[in-house]
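This report refers to the structure that appears directly beneath it.
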Protein chains: 2
Amino acid sequence: MNISTQNQSFIYHFGEMGSRWGFNRTVGQMYALLVITEAPVCANDLASGLNISRGNVSMSIKELQSWQLIQMSHIPGDRKEYYSSIGSIWDMANTVFKERRKREIDPTLSLLRASLLEKPTDAGDEYSQTKMQEIHDLLEMVTEWAAELQRLNPEQLSRLMKLGAGVSKMLSVKDQLFPNKKNSESN
Amino acid sequence: MNISTQNQSFIYHFGEMGSRWGFNRTVGQMYALLVITEAPVCANDLASGLNISRGNVSMSIKELQSWQLIQMSHIPGDRKEYYSSIGSIWDMANTVFKERRKREIDPTLSLLRASLLEKPTDAGDEYSQTKMQEIHDLLEMVTEWAAELQRLNPEQLSRLMKLGAGVSKMLSVKDQLFPNKKNSESN
DNA sequence: TTAAACTTTCAGAAACTTCTGAAAGTTCGT
DNA sequence: ACGAACTTTCAGAAGTTTCTGAAAGTTTAA
């Protein structure tokens with residue numbers, strides 16, 4: 001398995017970014033390699049191409065599978081397992097978002113919910129509960145919104161994003177169309 | 001400095017989540033403590049309250065300052081420096097988003113831009129470049145959109161988010177109002 | 001000046017994460 | 001049943017990050 005210099009730098013970059021994106025170097029490199037390689041790649045080629053041990057490849061494959069980012073396939077007459085990245089770039093972004101929400105936001109939300117059920121015992125607790133409530137509400141709103149956006153198809157999403165500054169105009173159009181709706185909540 | 005059990009669990013949780021959010025345990029705990037404590041807290045109290053060394057407090061304060069999340073103040077007749085969290089929860093979320101974008105997306109975008117300027121040398125490179133282009137376009141769109149959203153004030157943002165599913169209806173309303181606009185790009 | 005009251009720095013210790021490679025496990029054709 | 005071709009596991013090595021605490025630095029007041 002030999003990899004062009006251009007692709008090398010992409011792969012190494014993904015490895016380095018990996019830790020910032022929530023997975024480790026090897027997982028990042030492997031995924032990068034699979035994304036930019038059209039044909040499925042076997043475990044041995046991953047190991048030799050990235051200069052890592054066969055064991056590491058096996059563990060990283062498991063990780064990528066748990067993120068639902070890769071797919072396994074076979075070549076007739078060959079017992080090796082071949083791997084390739086799954087779905088479009090949009091799907092990948094979706095998967096990564098969903099996964100990160102699960103790891104980064106959901107646990108905090110449930111902790112906050114539990115905390116907010118307890119009665120504050122002193123003045124300090126009262127202040128801290130109002131802050132926790134604010135964080136809770138913010139996280140909940142963002143979570144729900146993200147779920148909403150993920151329900152749109154890529155075409156709609158892309159249109160919404162390209163609207164750019166238009167979103168604020170859209171809000172005022174909405175006001176003109178439905179001026180009855182409550183929208184002067186003081187947050 | 002003594003901390004109620006309820007607040008303890010919030011603080012420890014933030015410590016644990018810290019690494020997933022892009023900072024370390026101590027930074028997470030210190031920030032949590034400062035958010036839920038109304039009165040400014042001095043470095044010694046942070047150290048004793050969280051059971052960490054004075055040196056660690058000093059380094060973590062620097063980190064929080066670089067994220068622009070905390071503020072320093074003084075009490076007349078006292079030479080110690082007192083710290084408190086800055087701004088509303090919205091401001092905090094904004095700051096964290098911006099900072100993460102800077103660390104997690106911007107470097108990848110510039111690498112991709114550089115890569116895409118190079119001429120592909122073989123068929124494999126050609127495929128990988130189309131993939132890189134897709135990732136580039138996606139990241140760029142998301143980045144621009146995020147910047148757009150950050151320009152809205154909290155009230156507008158909150159309204160937009162509460163629109164929820166309404167957002168797709170909005171798009172069709174827009175189509176009816178301005179059917180001339182190009183929106184059938186095949187992505 | 002001096003010294004007390006504070007903050008910062010940084011070398012090395014502790015804790016944590018990742019990686020290797022040999023051994024164990026699985027699957028399949030004969 | 002056997003063994004060849006593969007994959008997985010996991011103990012401990014290597015690498016990385018975080019933390020401590022003693023020493024150095026800074027500020028202020030007398």
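So you know, we letter chains A, B, ... as the sequences are listed, proteins then strands, and number each from 1.
Counting to the nearest Å, the C1' atom of D/dA24 and the CZ atom of B/Arg54 are 14 Å from each other. Regarding B/Asn51, its CG atom lies at a distance of 13 Å from the C1' atom of D/dT20, rounded to whole Å. If you measure from atom CD of B/Glu63 to atom C1' of D/dT17, you get 13 Å, rounded to the nearest angstrom. Atoms CD1 (A/Ile61) and C1' (D/dT9) sit 14 Å apart, rounded to a whole Å. Rounded to a whole Å, the OH atom of A/Tyr83 is 6 Å from the P atom of D/dT7. Taking atom CZ of A/Arg20 as the reference point, atom P of D/dT16 lies 15 Å away to the nearest angstrom. Computed from coordinates, the A/Asp78 CG to D/dA5 P distance equals 12 Å when rounded to whole Å. In this entry the distance linking CD1 of B/Ile75 with P of C/dC6 reads 12 Å, nearest Å.
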Please tabulate, one pair per line, each protein N/O and nucleotide N/O from nucleotides 25-29 of chain D that are separated by under 3.5 Å, including the distance.
unit_1, atom_1, unit_2, atom_2, d
D/dT27, O2, B/Arg79, NH2, 2.5

Listed pairs, N/O of protein and of nucleotides 11-17 of chain C, under 3.5 Å:
none

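Judged by distance alone, with hydrogens and angles left aside, the side-chain atoms of B/Glu99 form no donor-acceptor pair with the main-chain N or O of B/Asn94 at under 3.5 Å.
Both B/Phe23 and B/Gly55 lie close to DNA chain D; mapped to their nearest nucleotides by heavy-atom distance, the more 5′-ward contact belongs to B/Phe23.
OP1 and OP2 of C/dT7 both lie 4.0 Å or more from every side-chain N or O belonging to B/Lys62.
In this structure, A/Val41 and A/Leu34 have side chains that are in contact, with non-hydrogen atoms separated by less than 4.5 Å. Considering only heavy atoms from C-beta on, A/Trp90 stays 4.5 Å or farther from A/Asn153 through its side chain.
Dense packing is recorded around NZ of B/Lys131, with more than 12 heavy atoms of other residues, nucleotides or ligands lying under 6.0 Å away. More than 12 non-hydrogen atoms from other residues, nucleotides or ligands lie less than 6.0 angstrom from OH of A/Tyr127. Residue A/Gln68 qualifies as open at atom CD: its count of foreign heavy atoms under 6.0 Å is 12 or below.
Across all their heavy atoms, A/Gln6 and B/Lys119 have their closest contact at NE2-O, 3.7 Å.
Looking at heavy-atom distances under 4.0 Å, A/Ile52 makes contact with sugar-phosphate atoms alone, never a base.
Qualifying side-chain contact (heavy atoms from CB on, under 4.5 Å) partners for B/Asp122, counting only residues two or more places apart in sequence or in other chains: B/Asp125. Not counting sequence neighbours, B/Ser19 has no partner by the side-chain contact (heavy atoms from CB on, under 4.5 Å) test.
Listed candidates were D/dG21, D/dC6, D/dT9. Nearest to the side chain of B/Ser53 is D/dG21.
Defined by atom type and a distance below 3.5 Å, a donor-acceptor pair is missing between the side-chain atoms of B/Gln65 and B/Gln71.
Interface residues of residues 26-48 of chain A facing DNA chain C, ordered by number: A/Thr26; criterion, heavy-atom separation under 4.0 Å.
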Tabulate below the donor-acceptor pairs under 3.5 Å that side-chain atoms of residues 73-81 of chain B make, not counting sequence neighbours, or state none.
unit_1, atom_1, unit_2, atom_2, d
B/Asp78, OD1, B/Lys80, N, 2.9
B/Asp78, OD2, B/Tyr82, OH, 2.6
B/Glu81, OE1, B/Tyr83, OH, 3.1

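Each of B/Tyr31, B/Trp67, B/Phe14 was checked for a ring pair (Phe, Tyr, Trp, His ring centres under 6.0 Å) with B/Phe23, and the lone residue meeting it is B/Trp67.
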